[in-house]
Amino acid sequence: MRGRTLPLIALAVLLMAPWTAAEESTALPRYGAFETFTTRDGLPSDRVTTVFTHGGRVWAGTDRGLAVREDGRWRTLGVKDGLAHEHVTSITREPISGDLFVGTLGGLSRITANRIRTFTHRTSGLLNDVVHHVVATDGLVYAATAIGVSVHDVRAGTWGFFDPSTTSMREPFTQAVALAGERLWIGVGGDGLAVRAADGAWTSHRDPDGDAGSDAVADDGPIHDATTFVACDGDLIWQATPVGLSRFDGTSWRTWTAAEAGLPSDRIHHVVAQGGIAWLATDQGLGVFDGTTCVTYRPGAASTGPAHDEILWVHVDGDDLWLATGAGLSHARRTGNAESRAPAPAVKRELPERRFFTEPLRYRGPAGPELTATEVRIGLLLPAEGPDAGPGRDTLRGATLALEEANAHERWRAGLTFQLVTAEEAQDWSEGANAAVELVTRQEALVLLGAVSDDASHTVLRVLDKLRVALVNTIGTDPTLTTQGSPWLLRLGPDADEAARALARRLKQDRRGHVALRHSRDRFGRVGAAAFRRAAEAADLGLTESESQADAIVAWSRDAGGKTGKPLYGPGRLRTKGATVAWPVSEDPKAWRAFERAYRARFGEAPSLAAGYAHDAARMVIDAVRTGGRNRVQIRASLSAVRERKSVTGSLRLDTTLDRIVNMATRRVP
């Protein structure tokens, strides 16, 4: 095996983790003689996203095509050869046909000999073109997409699917699929794990604490609901998350974090499990873990470690270890066994509450290329039709005004020209992920703004890591958007909890003790209504089903839905005249008034809150480009480093999850 051997070193961490029951596992393998393949050796990109081996061939998926190594040489298959998209996410082999199935950010491709056939959501039963993971068993291919799992029967040529309408999943944002005999496990972003039993019945496993910011009780379920991957090893199920590792043996759960068990990092991208051992791909190296001992491999000074700390995928083929990293494809051989400590006697494990996101979210991968064009493209996701069309229009106007102001001042733009490129979030919010991929990979947007719908934002959220592009969300209200562990999403608007608490305080001040609650049936309304119920309980407000007996009505929607006859309260998107709405406190009212004058002069009407947040987001992005250059990773770093800045919607500060700390009050809609 030829390749460029890098001077690297392995860092072994042998720590004793808390233990509740004696367990048996095979010996921990030890690896050495690492070598790395990069573009110098024939790969289309140094960013290798996945790897698969079979029949003497090595298949390496990258963000610039699919590379195959045979007889010591690399060749590349790309879009021109029929591949669905240049960014490959996953590779598997279907045993009956012997064909490869390749997941990409633009569809699913089937490789038969030298022929490639591609499936998209427009040409087949594929639910969505963003395919996060693909796995196959005899005759069936499972593709975890942005909005559910598609199942392709290779022999019959038919398609089926699993989503919230057919399973126990509450969310459709599927990340991975694992096959365990007659059981099927689905890892769902933000919704834990869903499992189909042999009899076809579905159940779900979620963190019982219900708090995405902490884990109150260890081993009571998955450590977090933000699943990034799931793997099966006989009866053992391993769940990877951005905050730690979980394992289920069919009866009980075990959960670990880096601080407790010596894992290389809590942020786990991928996991492979065999013989009681898990290989963990993390953003700080490879971990080989048996539940007691973790051996970590990181770059260093000798040929005993991977090309980079950022490990995106692991493939174990006998004694061969293949690692897809952010700086090349690394290969190693098993050289023996590592020392593994015996498990402690069975005792009840007591752990204090785990608090997540105590430090600012970080990205630790390579910076990637810097674009040289003087035209800086900022992508905007927004709907042109449907219930969010109004906020979408205002978002477009606010961002447009900011870019026009920047382009009009040479000193401000520093020789650059800023251009807004848009894509339809659409009434079908499932298009959000596809639109984000289009903006970044086709239109070369350096950074994204939007989306308006929280559903669309969730689908986009899960492709940001793959695209390595920041999204500044302007008016999303779902509190869970920023608790999924992504370092690529920032939010400027208040979430539903903040708005609900402001409204509850105002209702208490106005002595409205009996409140009726209306809400729209979409995600915006459901999430907001749940937030207000929590706030009302904390403020000791009485909620009543009868509007005739209420002394105020809270309408969590974009309009009041007709005359109320009672004082009306609601979130900032409620545009009914005379309503009292949650509104950010501006420490500099002059800034809002100046923005209002400029907006009215440009568009002929007063700005909404959505327009103000979009203007702030665009200004923030422009400054980040001037500071961080035309590099997506550096722009993200510049955006996330904001400690405090002035804006038209008030003081702008970010917490550790990159969510804005918003001081909320109320105002009347004129």
Without swapping roles, check the side chain of [X] against the backbone of [Y] for a donor-acceptor pair under 3.5 Å.
| X | Y | result |
| --- | --- | --- |
| Thr480 | Thr483 | no |
| Ser330 | Pro306 | no |
| Arg75 | Arg69 | no |
| Asp41 | Thr38 | yes |
| His133 | Val177 | yes |
| Asn631 | Pro369 | yes |
| Arg468 | Pro366 | yes |
| Asp233 | Gly275 | yes |
| Glu70 | Gly56 | no |
| Asp81 | Gly78 | yes |

[X] versus [Y]: any side-chain heavy-atom pair under 4.5 Å?
| X | Y | value |
| --- | --- | --- |
| Phe356 | Asp215 | yes |
| Val130 | Thr459 | no |
| Arg247 | Trp253 | no |
| Val230 | Leu193 | yes |
| Ile268 | Leu245 | yes |
| Val51 | Leu329 | yes |
| Trp202 | Val195 | no |
| Val527 | Pro479 | yes |

Atom of [X], atom of [Y] and distance for their closest heavy-atom approach:
| X | Y | value |
| --- | --- | --- |
| Ala194 | Met169 | CB-CG, 3.6 Å |
| Leu461 | Ser486 | CD1-CB, 3.5 Å |
| Gly432 | Leu381 | O-CD2, 4.1 Å |
| Glu431 | Glu425 | CB-O, 4.0 Å |
| Ala84 | Gly106 | CB-O, 3.7 Å |

Any side-chain donor paired with an acceptor under 3.5 Å for [X] and [Y]?
| X | Y | value |
| --- | --- | --- |
| Thr123 | Thr120 | yes |
| Thr53 | His315 | yes |
| Thr50 | Ser90 | no |
| His85 | Thr441 | yes |
| Thr62 | Ser45 | no |
| His121 | Asn128 | no |
| Ser109 | Thr118 | yes |
| His152 | Glu94 | no |
| Asn473 | Ser457 | yes |
| His269 | Asp283 | no |
| Thr227 | Gln239 | yes |

Completion exercise
Taken in chain and number order and not counting sequence neighbours, the residues that satisfy side chain to side chain contact (heavy atoms under 4.5 Å, CB included) with Ser150 are Leu126, Leu127, Thr145, Trp159
Practice task
Not counting sequence neighbours, which residues clear side chain to side chain contact (heavy atoms under 4.5 Å, CB included) with Thr166? List them please.
Solution key: Phe161, Phe162, Asp163
Short N-O contact, [X] and [Y], less than 4.0 angstrom:
| X | Y | value |
| --- | --- | --- |
| Arg377 | Glu444 | no |
| Asp465 | Arg267 | yes |
| Arg206 | Asp225 | no |
| Asp309 | Arg364 | no |

Exercise for the section: State which residue, out of Val88, Thr92, Val102, Leu77, fulfils the side chain to side chain contact (heavy atoms under 4.5 Å, CB included) condition with Trp59. Expected result: Leu77
Practice task
Please work out which of the three classes, parallel, tilted or perpendicular, describes the rings of Phe52 and His54, given edges at 30° and 60°.
Solution key: parallel
Practice task
Could you tell me how the ring of Trp74 sits relative to the ring of Phe37: parallel (under 30°), tilted (30 to 60°) or perpendicular (over 60°)?
Solution key: perpendicular
Practice task
Please assess Lys466 against Asp63 for the test side-chain contact (heavy atoms from CB on, under 4.5 Å), listing each intermediate value before the final yes or no.
Solution key: CA-CA 8 Å; Lys466 294 178 171 65; Asp63 62 351; over 6 Å; no
Problem - Step-by-step side-chain contact (heavy atoms from CB on, under 4.5 Å) determination, His87 to Thr49 - result: CA-CA 8 Å; His87 193 124; Thr49 54; 3.8 Å; yes
Practice task
Please check if the distance between the ring centroids of Phe248 and His205 is under 6.0 Å.
Solution key: yes
Exercise for the section: Compute the centroid of each ring, for Trp185 and then for Tyr142, and state whether the two points are separated by less than 6.0 Å. Expected result: no
Exercise for the section: Verify the neighbour count for atom CZ of Arg442: are there more than 12 heavy atoms of other residues, nucleotides or ligands below 6.0 Å? Expected result: yes
Practice task
Answer yes or no: does atom CG of Asp211 have more than 12 heavy-atom neighbours from other residues, nucleotides or ligands under 6.0 Å?
Solution key: yes
Using a 3.5 Å cut-off and no angle test, enumerate the donor-acceptor pairs between side-chain atoms of residues 445-454 and protein atoms at least two apart in sequence or in another chain.
unit_1 : atom_1 : unit_2 : atom_2 : d
Ser453 : OG     : Asp455 : N      : 3.1
Ser453 : OG     : Ala456 : N      : 3.3
Asp454 : OD1    : Thr477 : N      : 3.1
Asp454 : OD2    : Thr477 : N      : 3.3
Asp454 : OD2    : Thr477 : OG1    : 3.1
Asp454 : OD2    : Asp478 : N      : 3.0

Practice task
Apply side-chain contact (heavy atoms from CB on, under 4.5 Å) to Leu286 and Val314, showing your working.
Solution key: CA-CA 9 Å; Leu286 169 72; Val314 184; 3.9 Å; yes
Practice task
For the pair Arg64 and Asp46, evaluate salt bridge (Lys or Arg N to Asp or Glu O under 4.0 Å) and give the outcome as yes or no after the intermediate values.
Solution key: CA-CA 9 Å; Arg64 290 291 182 268; Asp46 287 342; over 6 Å; no
Problem - Residue of the set Arg93, Arg115, Arg117, Arg110 for which side chain to side chain donor-acceptor pair (under 3.5 Å) holds with Asp99 - result: Arg110
Practice task
Carefully, step by step, assess Arg491 and Asp659 under the rule side-chain contact (heavy atoms from CB on, under 4.5 Å).
Solution key: CA-CA 5 Å; Arg491 174 166 50 193; Asp659 202 357; 3.1 Å; yes
Problem - Passing candidate, ring-ring contact (aromatic ring centres under 6.0 Å, His included) with Phe289, options Trp256, Tyr297, Trp279 - result: Trp256
